[in-house]
Every structure is written in structure tokens, then in C-alpha cells.
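Notes for the one structure printed next.
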2 protein chains.
Amino acid sequence: MAIQSIQRALDIICLFSKSRPTCRLTDIANRLGLKISTVHGIVSTLEQNGFLQYDSHLRQYSIGSKIFELGAHFSTNLQVNLHARDYVQTLAERTGCSNRIGIWDKNSVLITLFAFPEGVTTSVHNIGPRITPYCTAIGRAMLAFMEEDDCMAYLEQEKIVRHTKYTLTTIDAILDDLEEIRKRGYAINRGELTWGRAGLAAPIWGPGEKIEASLAVIGATERILGENINNLATELVETVSMISDSLGYNPGQ
Amino acid sequence: MAIQSIQRALDIICLFSKSRPTCRLTDIANRLGLKISTVHGIVSTLEQNGFLQYDSHLRQYSIGSKIFELGAHFSTNLQVNLHARDYVQTLAERTGCSNRIGIWDKNSVLITLFAFPEGVTTSVHNIGPRITPYCTAIGRAMLAFMEEDDCMAYLEQEKIVRHTKYTLTTIDAILDDLEEIRKRGYAINRGELTWGRAGLAAPIWGPGEKIEASLAVIGATERILGENINNLATELVETVSMISDSLGYNPGQ
DNA sequence: CCTATTTTTTCGATATTATCGAAACTATTT
DNA sequence: AAATAGTTTCGATAATATCGAAAAAATAGG
């Protein structure tokens, strides 16, 4: 159904990632099992349009500025980003912790907004990466409240990996935790993905009782899970409530 | 030379912008002069791959999350962003003014980094847009120091428009200003693009005496051009010098 | 500095495949 | 409910993407 040449072009673009920022022509052809001359035609078209950029000295391609420019539109237009901006700033200020917003996208959590606690900050960093849902607070906060079928569909296709001794490694253990999240109102990550890094997260609701996103307060384990945890949780839950209101959430409906 | 179907796919993606965040199938076909069934095949392929997203209720397409994710790699991998980050934070702190970094790209300035002065701030906003070079400090700071041929090639293709009474509207006036910038070491925008908004900017150099980017301090006219202008300019010039050093600029070569 | 090797670019023939029109289907408006 | 506007499917056809081969360019080796 997909148009072959376009599919190949998109496959090529998707080869690039944080861990593989550049590719050479031959690499691309080998990785995708295509003829070099075929790849050459495709990458030339992509380069002419600014979707890839070519370093003719190093003879390697990387993501082009056009994709950056277009990608910025995505987050700029994202409703939850627009509504959450001020609230997450305040939250970072009051808690002294970084926090971030992610949306559920293709069985992963895509980070779309990041707020830092201290003083001056720069835009651009810390957004864009995809987070694994089952072993993070930001992910489980959404899993706990989404349609059960969608949740199971996700869990059944996910490759569950033990990252630390705290990682929940069975679907049953995760489902039990989701039940606790529903009772508690927010999710807790006790260092399941990265040793020493913890988080609290709660879902952001939109109109039609639809989960729009998830907001997480993150930081060193002792900072998040220490004596301050109840304060953090209260601030978090109040913040997601205000953002949800702003988005038009109307639980009475 | 370009592959037709891919070219069309890219043209479709490029239809989306901040001012036109969504498009319907028929719109796309009309705008690009293509048959609806042709467009349908292309947008379906793009949607399947997350390059576009489709709201089946509103029946309209918008930029997909995949482009956002890939675009983030561009700015993450950008050398000047990596090196400048800490310096622009300090600059914002010391001056109390917002500042931003842009790179020269396709006859425009693409904003890749933004630093805010006050308190807590969020990432993501303010990056991505393209700025018109001739009527901004961030643009003229690069024009003044780039290869003269490139500068003239840009100026001759640019459609020069009067935005305010301060806008320089002839190539000669712009060239005179560029000469002043070279003497002075930094560019000044006295409200040429937007009434009441001013900026100071200076170029960032990389290895091989190549202009990597431009750094601008921006704000309300009275804040930038008032009695504090010399302090701002000094801070700015010191900052670009440190960033250039960090990038490996070696003017002695 | 020249040769060998690897990588990239060009080009034309061929068959694959993108395109188009038409028709079926769906949604919206009056 | 009917009419209009917009979307999706499908198969025939001709346009065009693909491929192999050869030329060109760049790097590595001697």
C-alpha cells in the first residue's frame, strides 16, 4: 500500500538517531539492502530539500535543518505544551526539581516539554527522546488510566527488560502497580530504569476524558523519594489538575 | 533528477507551517496541483510512518511526531549548540536579557538555541523559526563577516521590505551598515523588523575561520539601546569569543 | 608520486510501480 | 432526506524508479 520510493526515503531518514547521527551512502545501502545507485537518487532528493545535509568533505549525511524546522511546529502546536508551559515552570520553581511532559505515541512516551528548576535555562535540549513506558513513572501514569485493551496491547508487545533491581519484570507485577497508581493518583518510579534516578508522575486529562499527556517530577532518588515525597506528590497532582482544567477536562460529563 | 514521488512527498510535508498547522487532503491536492488519489497514496505512506498525523474526526493532517523526534537530533548534534549552551545561560543571567543563537541556512537564519533570563523556563519554544537576515542583528552579524560573494548572492535574491521606519531598504544602505559592523565588532538592530524590539549580535567562529553561527541579545528597544548598550555589547563580544574558542577557532592560522 | 582500492556519481535500458480516472464510500450541509 | 463535498479503493496504463555497468572521484597504500 505504501509507495515504495517514499517508504524507502522515510526508512533512510529513520536510520539517523542520537546514537547514529551520521551515515555514509554505502552504509545506508547496506543497512537497508538497497542498491547504491538507488540510495543515491533518494538521498540526493532529500538533501536538495534540506531533509538531509551532506558533508562533502567527510562524505556523510545527517539530519537536515528542514526536519528541525518542521519538527518545531509539532511541539509548538501541541495543545498540552501550550497549556502546560506556565504550570510546569511554577512546579519546577516550587519543588526545585526538573519536570517534564510526555505524550503517548506509538507504544512509547515522547518527551515534548522540559522545565528546569534553577535560574536561567536554554531551550532545545532534553526534548525529543522516547521513553520506555513500563519502567518509568511518566509511562505508567498513562498506562494506569488508559483503556485496558490499549494497555494490554502495549504490554504484550513490549520486550520487558530488567534494568535495575527495582525493575518490575512481569506483566502481573506491572498490572498490580497500575492498580496502586489508580488508587494513589500518581505513579512512582523507584529507580527502575536508571540507578539512583526516581520520579513521580500523574496523567494530564483533556476534553472527553481523554489522556493527553503525563507530567513527571524527576531527580535523584533521595530527592524524590525522601521525606519530601508527599509534598512533591501534592504539588504534582495539583499541577496536572490545573493543566487538565486548562485543556477543558470536564470529569462530570 | 529528483525522484518525483519523493519530491512530492517532501513538498507536501513542507506545506505545513506555524501559520498553517493543518491541511486537508483536498487542500493539499489543490495547492500542489496533484490528483487527489495521488496525494492520498503519498499522505497515507507519510502517516503510516509517523511523518504526518491524521485526525480522522476533523479529517485533517498535521506534522507527525516522528519529524519532531528526528528534528530534535539536529539541534542536539549541532556543535555550536553543545558548546554555546553554558555560555548563553551565563550571558542571560548577567545581562537579564533573552538571547538566542542562529545558524546561516538557505539564505535565512535558523534559530537553534534560546536562553531566557528570568527564573524557571521551559524548553521547546522559540526555536525553529527562520529569521530574515538583512533586517535583524543576528542576520547582519553573519552577513558582515561571510564571504562577500555569498553576501551579495543573498542580498540580490532577497526581497527587501520596509517593516518599520528604521528598516534599511537599499542594498547600499545595508552594505554601509555591514562595514560599520565589521569596524564595531557587532551588529545593532534598532527596531528594523518589529517596532520596539531591538538586538545586538555578533558572529561565532569555528575552526578554519568559518562562521558557525550568530549570537543575539534581544529585548525591548529601551532595554537594549539604552545607557546599558556598551555593557551589553561587551558581554556579548566576550561571550562569542569564548564560544568561538570552545569550538576551536584559531584566528592565528 | 603513482597505483590500487574504495566510494560516489552518472547514464540508459527495462520492468516495476506510481499515477490517474472512475466508481464506491463516507461525511457534511441544507 | 437529498444533495453536495470530501475520501478511499481499485485496476489499467504509461510514466518513472530501479538496476547494472561504467565513469569519476577520493582515499589509502607502497
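Between B:Gln4 and C:dT19 there is a side-chain N or O to OP1 or OP2 distance below 4.0 Å.
Across the interface with DNA chain D, nearest-nucleotide mapping of A:Thr38 and B:His40 shows B:His40 to be the residue nearer the 5′ end. Nearest-nucleotide mapping onto DNA chain C: of B:Lys35 and A:Gly41, the residue sitting toward the 5' end is A:Gly41. Mapping B:Ile42 and A:Thr26 onto DNA chain C by nearest heavy atom places A:Thr26 closer to the 5' end of the strand.
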Quick one: side chains of residues 62-69 of chain B, donor-acceptor pairs under 3.5 Å with protein atoms, not counting sequence neighbours, listed by atom name and distance.
unit_1  : atom_1 : unit_2   : atom_2 : d
B:Ser65 : OG     : A:Asp105 : OD1    : 3.1
B:Ser65 : OG     : A:Asp105 : OD2    : 2.7
B:Glu69 : OE1    : A:Arg130 : NE     : 2.6
B:Glu69 : OE1    : A:Arg130 : NH2    : 2.9
B:Glu69 : OE2    : A:Arg130 : NE     : 3.2

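Of the residues in residues 7-15 of chain B, those lying under 4.0 Å from DNA chain C by heavy-atom distance are B:Arg8.
Side-chain atoms of B:Leu178 and B:Ile181, non-hydrogen and from C-beta on, do get closer than 4.5 Å to each other.
Axis angle, first five pairs versus last five pairs of the helix from C:dC1-D:dG30 to C:dT30-D:dA1: 60°, rounded to 10°.
Nucleic acid contact class of B:Ile36 (heavy atoms, under 4.0 Å, all strands): base.
A:Tyr61 meets the ring-ring contact (aromatic ring centres under 6.0 Å, His included) test with A:Tyr54; sequence neighbours excluded. Partners of B:Arg184 according to the salt bridge (charged side-chain N to carboxylate O under 4.0 Å, His left out) rule, which considers only residues two or more places apart in sequence or in another chain, are B:Glu180. Listed by chain and residue number, A:Arg182 satisfy the salt bridge (charged side-chain N to carboxylate O under 4.0 Å, His left out) test with A:Glu179 (two or more places apart in sequence, or in another chain). For A:Tyr87, the ring-ring contact (aromatic ring centres under 6.0 Å, His included) criterion is met by no residue, not counting sequence neighbours. Listed by chain and residue number, nothing satisfies the salt bridge (charged side-chain N to carboxylate O under 4.0 Å, His left out) test with B:Lys183 (two or more places apart in sequence, or in another chain).
Applying the side-chain hydrogen bond (donor to acceptor under 3.5 Å, both in side chains) test to residues at least two apart or on different chains, the pairs with a partner in residues 34-52 of chain B are A:Gln7-B:Asn49. Here salt bridge (charged side-chain N to carboxylate O under 4.0 Å, His left out) pairs that include residues 133-147 of chain B, with residues two or more places apart or in two chains, are B:Arg140-B:Asp177, B:Arg140-B:Glu192.
Here the straight-line distance linking atom CG of A:Leu215 with atom CE of A:Met142 works out to 10.5 Å at 0.5 Å rounding.
Look at CG on A:Leu52: it is 16 Å from C1' on C:dT8, rounded to the nearest Å. Here the P atom of nucleotide C:dT17 and the CD1 atom of B:Ile6 are 13 Å apart, to the nearest Å. Between A:Gln60 atom CD and C:dT6 atom C1' there is a gap of 16 Å when expressed in whole angstrom units. For the pair A:Leu34 CG and C:dT8 P, the interatomic distance rounds to 15 Å; values are reported in whole Å.
With a heavy-atom cut-off of 4.0 Å to chain A, the contacted part of DNA chain D has its first and last nucleotide at D:dA17 to D:dT27.
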Base contacts versus sugar-phosphate-only contacts with protein, heavy atoms under 4.0 Å: please encode nucleotides 22-30 of chain C as B, S and - from 5' to 3'. -----SS--
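Counted by atom type alone, A:Ser75 and A:Asn81 present zero donor-acceptor pairs between their side chains at under 3.5 Å.
A donor-acceptor contact shorter than 3.5 Å links the side chain of B:Ser244 to the backbone of B:Val240. Side-chain N or O atoms of B:Arg59 include none that pairs as donor or acceptor with a backbone N or O of B:Arg24 at under 3.5 Å.
Aromatic ring pairs are classed by plane angle as parallel below 30°, tilted from 30° to 60° and perpendicular above 60°; the pair A:Trp104 and A:Tyr154 is perpendicular.
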